[in-house]
Amino acid sequence: QVQLVESGGGLVQPGGSLRLSCATSTSRLSFITSTMAWYRQAPGKQRELVASITGDGTTNYADSVKGRFTISRDNAKTTMYLQMNTLTPEDTAVYYCHARTIMVPRGDYWGQGTQVTVSS
């Protein structure tokens, strides 16, 4: 089983920034071929895809965060990041790390989430 642990969430004022991290237990060999993603879920709303990044570095962003958020990965550390700038109250949610691996152990894995609250 691949373990994913998010960190970096917290309380920030509107217009502020946070950097989320997702540390994985997978091997570097598996991590470099995995697709990683950040999802978020606000109270009363469905979980939505925020951003994704493939093993070769191709990124995809939800329209609501384009230009404000940046997803990245460090293959040596088997860690994914989400730099969040110009945060608004609408960004308040639990943010989840997701990994889709094609190397053993293959599968889809989720972290437990980290709370991001944007409020004055």
Side-chain angles (χ1 to χ4, degrees):
Q1 184 80 16
V2 173
Q3 303 295 320
L4 308 177
V5 180
E6 302 96 335
S7 62
L11 176 64
V12 65
Q13 294 185 354
S17 299
L18 284 174
R19 188 186 189 226
L20 305 183
S21 298
C22 173
T24 80
S25 66
T26 191
S27 68
R28 284 172 287 180
L29 182 63
S30 178
F31 186 82
I32 61 175
T33 60
S34 67
T35 296
M36 305 293 296
W38 288 98
Y39 288 76
R40 68 184 181 187
Q41 187 167 24
K45 297 183 179 180
Q46 295 185 352
R47 187 172 299 187
E48 64 175 343
L49 177 66
V50 177
S52 65
I53 182 167
T54 65
D56 68 355
T58 301
T59 59
N60 185 54
Y61 297 92
D63 288 341
S64 60
V65 306
K66 284 182 178 178
R68 300 189 298 122
F69 291 10
T70 302
I71 189 171
S72 62
R73 63 194 295 158
D74 187 328
N75 289 336
K77 297 180 178 179
T78 67
T79 299
M80 177 182 64
Y81 306 95
L82 184 68
Q83 178 66 46
M84 305 185 295
N85 298 326
T86 319
L87 286 161
T88 76
E90 288 68 44
D91 295 315
T92 296
V94 177
Y95 284 71
Y96 297 91
C97 177
H98 176 263
R100 175 168 293 170
T101 63
I102 61 174
M103 301 288 287
V104 175
R106 294 179 293 274
D108 290 273
Y109 304 93
W110 292 92
Q112 292 301 304
T114 185
Q115 177 70 48
V116 172
T117 302
V118 185
S119 176
S120 61

- Which heavy atom of N75 sits nearest a heavy atom of R28, and at what distance? O-CG, 3.5 Å

- Message: For G113 versus V94, what's the shortest heavy-atom pair and its separation?
- Response: CA-CG1, 3.8 Å

- Item | Spacing of CH2 belonging to W38 relative to CG belonging to L49, to within rounding of 0.5 Å |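 If I round to the nearest 0.5 Å, the distance is 12.5 Å.
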
- Message: What's the separation between atom OG in S34 and atom CZ in R106, rounded to the nearest 0.5 Å?
- Response: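 It comes to 14.0 Å.
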
Tell me, please, which residues at least two apart from [X] pass side chain to side chain contact (heavy atoms under 4.5 Å, CB included).
X	answer
V12	L18, L87, V118
S120	P14
T33	I102, M103
E90	T88

- Check whether any side-chain N or O of T78 sits under 3.5 Å from a backbone N or O of S27 as a donor-acceptor pair, and report yes or no.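 Here the side-chain-to-backbone pair does not exist.
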
- Please confirm whether the backbone N or O of T54 pairs with a side-chain atom of R73, one donor and one acceptor, at under 3.5 Å? yes

- Task: Not counting sequence neighbours, list each pair that qualifies as a salt bridge (Lys or Arg N to Asp or Glu O under 4.0 Å) and has a residue in residues 33-46.
- Result: R40-E48, R40-D91

- Give every residue pair that meets the salt bridge (Lys or Arg N to Asp or Glu O under 4.0 Å) criterion with at least one member in residues 57-67, sequence neighbours excluded. D63-K66

- Would you list the pairs meeting disulfide (SG to SG under 2.5 Å) in which at least one residue belongs to residues 75-120, sequence neighbours left out? C22-C97

- Query: Excluding sequence neighbours, so at least two apart, what forms ring pair (Phe, Tyr, Trp, His ring centres under 6.0 Å) with Y39?
  - Reply: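 Y39: ring pair (Phe, Tyr, Trp, His ring centres under 6.0 Å) contacts with H98, W110.
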
- Task: Please list, chain by chain and in numerical order, all residues satisfying side-chain hydrogen bond (donor to acceptor under 3.5 Å, both in side chains) with T26, sequence neighbours excluded.
- Result: S30

- With R100, which residues qualify under side-chain hydrogen bond (donor to acceptor under 3.5 Å, both in side chains), at least two apart? D108

Find out whether [X] and [Y] are in side-chain contact, i.e. whether some heavy atom of one side chain is under 4.5 Å from a heavy atom of the other.
X	Y	value
Q83	S17	yes
E6	L20	no
F31	M36	yes

- Other cluster members, V2 - Ile/Leu/Val/Met/Phe/Trp/Tyr, side-chain contacts below 4.5 Å: L4, Y109

- Can T24 and K77 be said to form a side-chain contact (heavy atoms from CB on, under 4.5 Å), step by step? CA-CA 9 Å; T24 80; K77 297 180 178 179; over 6 Å; no

- Taking only residues at least two apart or on different chains, which pairs with a member in residues 43-83 satisfy ring-ring contact (aromatic ring centres under 6.0 Å, His included)? none

- Message: Hydrophobic cluster membership, with links at side-chain heavy-atom distances under 4.5 Å among I/L/V/M/F/W/Y: are V65 and I53 in one?
- Response: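 Hydrophobic grouping puts V65 with I53.
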
- Message: Applying side-chain contact (heavy atoms from CB on, under 4.5 Å) to S119 and L11, what does each step give before you reach the verdict?
- Response: CA-CA 7 Å; S119 176; L11 176 64; 4.2 Å; yes

